[in-house]
Amino acid sequence: MTSDQGIVPPRTPARPDREILRLAVPAFLALVAEPMFLLADAAIVGHLGTPELAGLGIAGAVVQTAVGLCVFLAYGTTASVARRIGAGDTRGALAQGIDGVWLAVLIGSVTTLAGLALAGPLVALFGPDPVVEEHATTYLRWAFLGVVPLLVMMATTGILRGLQDTRTPLVVAVAGNLVNIVLNVALVYGLDLGIAGSAIGTDLAQLASAAALVWVVVRAARREGAPLRPDLPGVRRAARAGVALVVRTLTLRASLLVMTYGAATLGAAATATHQLAITLWTFLAFALDAVAIAGQAITGRYLGAADLDGTRAMTRRMVQWGLWSGVATGIGLAALSGVLGPLFTADPAVHDLLVPVLLVAAVFQPAAGVVFVLDGVLIGAGDGRYLAWGGVVVLAVFAPVAWLAVALAPPGHGLTWLWVAFGVAFMGSRTAVLLHRARGTRWMVTGA
């Protein structure tokens, strides 16, 4: 949206549900489409064999960690752009967002070069079987070629969300996902490229999606007279503002890497099972994150307009939405736990391991719904420093508990115990950290 459309933040949230749904529903559909990249890869690669699926799990963990550290390109941009929209400065909002896009290109280029050089050693850190290591290294090298467009997608999506537009990212995400599935099938099976074809197809789909989003943002910037050339001071400001969110994301990704490492020590079947479970968890996390995305945009806009009462009221309502959404996804996951395995692999060992893990994941979905909403609210408020320290606390609690779970678990139950530790120690400590902050007022800083 632009200033000529008359954006005037309400002083009181008279219709909070409508405002939340206006942003959250398109965000929900887009966020559900995004992990379909991973689900499509898992389904297509899983039918190549268990070693290929295990290799995808390790390579995916590395790529998601590298890209996840840059999530501030989306989240931080959404918050900063929304604040300027709330303050009535659309041109400044777009200029700040463009700086984030240039930062995405810079970071993506460096990450790609480093990833290509270090793909082998990174995979070796997980200590996989030799055949799994070969597949993981192949996928990882190709996947790193898609990092630049992926980061550009994040930055441009952040701009549009900050402008209170979640529909455009939805359209691009759905179209990109369909292209991804077609390319993956054609390259993996049609051209017989194996696991490399899956990575190449995803790279091409991400490139097309990034181009579409850049085109939309450039049109908006030209309409408002915002500069398109890189502004080095602005790029540096965007980088400094993202440091706290990088630390926050690093600690969260480190926790997930701890889980992947723990699963890898249990063998190829456990690693493949964990890949499916974490992919499904990520799918549901993106779905629950829809309200969090709305929270980033709404919180930034209300605080930019100096509306503290509205900020508090909207936060309470969004937490309620998050809780009930988590209950719904938990019930759904539990009901489908016995039929999801065969969709991805024919290995009966994976089927047997997957069911109890998914039941554990289902139990903690309500907590996840609350956690994701509060995380989004505090990101929208620019409270990155607290989130960074909170992430350090969570990692310090979870890592030793995860290690003990794997070490002390009865034979054949290590993966299930690992997921119990994830729910109790990881999700439990995140819930405590975020609720403690949200009940106070120090995060409610107003102004552009």
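Everything numeric in this text was worked out from a predicted model, so none of it was measured.
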Name of the residue among Asn180, Thr138, Asn184 meeting side-chain hydrogen bond (donor to acceptor under 3.5 Å, both in side chains) with Ser198: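 So, applying the side-chain hydrogen bond (donor to acceptor under 3.5 Å, both in side chains) to Ser198 and each of Asn180, Thr138, Asn184, only Asn184 qualifies.
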
Between Thr137 and Glu134, is there a donor-acceptor pair closer than 3.5 Å when you use the side chain of the first and the backbone of the second?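 Not at all, since once roles are kept as given, no pair shorter than 3.5 Å links the two residues.
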
Working for side-chain contact (heavy atoms from CB on, under 4.5 Å), residues Leu122 and Leu125: CA-CA 5 Å; Leu122 288 171; Leu125 291 175; 4.3 Å; yes

Quick one: side-chain hydrogen bond (donor to acceptor under 3.5 Å, both in side chains) pairs with a partner in residues 417-436, sequence neighbours left out?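 Residue pairs with at least one partner in residues 417-436: His274-Trp419.
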
Scan for side-chain hydrogen bond (donor to acceptor under 3.5 Å, both in side chains) pairs involving residues 111-124, sequence neighbours excluded, and state none if there are none.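 Listed once each, the pairs would be none.
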
Compare all side-chain heavy atoms of [X] with those of [Y] and state whether any distance is below 4.5 angstrom.
X      : Y      : answer
Leu284 : Leu333 : yes
Val319 : Arg316 : no
Glu52  : Leu56  : no
Ile298 : Thr311 : no
Val45  : His135 : no
Tyr139 : Val62  : no
Val214 : Val152 : yes
Asn177 : Ile181 : yes

If you look at every heavy atom in [X] and [Y], which pair is closest and at what distance?
X      : Y      : answer
Val357 : Ala277 : CG1-CB, 3.6 Å
Ala270 : Leu415 : O-CD2, 3.7 Å
Leu73  : Gly100 : CD2-O, 3.7 Å
Ile107 : Cys70  : CG2-SG, 3.6 Å
Leu116 : Arg141 : CD2-O, 3.2 Å
Ala210 : Pro149 : CB-O, 3.4 Å

[atom1]-[atom2] distance between [X] and [Y], expressed to the nearest 0.5 angstrom:
X      : Y      : atom1 : atom2 : value
Leu250 : Leu245 : CG    : CG    : 12.0 Å
Phe126 : Glu133 : CZ    : CD    : 11.5 Å
Ile331 : Leu336 : CD1   : CG    : 12.0 Å
Leu418 : Met259 : CG    : CE    : 4.5 Å
Leu160 : Asp165 : CG    : CG    : 5.0 Å
Arg312 : Thr299 : CZ    : OG1   : 10.5 Å

Show which side-chain atoms of residues 363-382 pair as donor or acceptor with protein atoms under 3.5 Å away, not counting sequence neighbours.
from   : atom 1 : to     : atom 2 : distance (Å)
Gln365 : OE1    : Thr329 : OG1    : 2.9
Asp375 : OD2    : Arg248 : NH2    : 2.2

List the steps, then state whether side-chain contact (heavy atoms from CB on, under 4.5 Å) holds for Phe144 with Leu113. CA-CA 8 Å; Phe144 268 117; Leu113 293 176; over 6 Å; no

Partners of Arg437 by salt bridge (charged side-chain N to carboxylate O under 4.0 Å, His left out), sequence neighbours excluded?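 Arg437 satisfies salt bridge (charged side-chain N to carboxylate O under 4.0 Å, His left out) with Asp383 once adjacent residues are dropped.
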
Set out, in order, the CA-CA distance, both residues' side-chain angles and the distance that settles side-chain contact (heavy atoms from CB on, under 4.5 Å) for Leu183 and Val179, then state yes or no. CA-CA 6 Å; Leu183 288 174; Val179 171; 3.6 Å; yes

Using only heavy-atom distances, determine whether the side chains of Gln164 and Arg301 contain a donor-acceptor pair under 3.5 Å. yes

Could you point out which residue of Val217, Thr168, Val81 forms a side chain to side chain contact (heavy atoms under 4.5 Å, CB included) with Leu163?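 Running side chain to side chain contact (heavy atoms under 4.5 Å, CB included) over Val217, Thr168, Val81 with Leu163 returns exactly one hit, Val81.
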
Return all side-chain donor-acceptor pairs below 3.5 angstrom for residues 393-412, not counting sequence neighbours, or 'none' if the list is empty.
none

Which pairs of donor and acceptor atoms, one on a side chain in residues 185-196, lie under 3.5 Å apart (sequence neighbours left out)?
from   : atom 1 : to    : atom 2 : distance (Å)
Tyr189 : OH     : Ile44 : O      : 2.6

Val148 vs Ser109, side-chain contact (heavy atoms from CB on, under 4.5 Å): CA-CA, chis, key distance, verdict: CA-CA 6 Å; Val148 171; Ser109 299; 4.1 Å; yes

Counting only heavy atoms not in Trp102 (residues, nucleotides, ligands), do more than 12 fall under 6.0 Å from its CH2?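 No, because the 6.0 Å sphere around CH2 of Trp102 holds 12 heavy atoms or fewer from other groups.
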
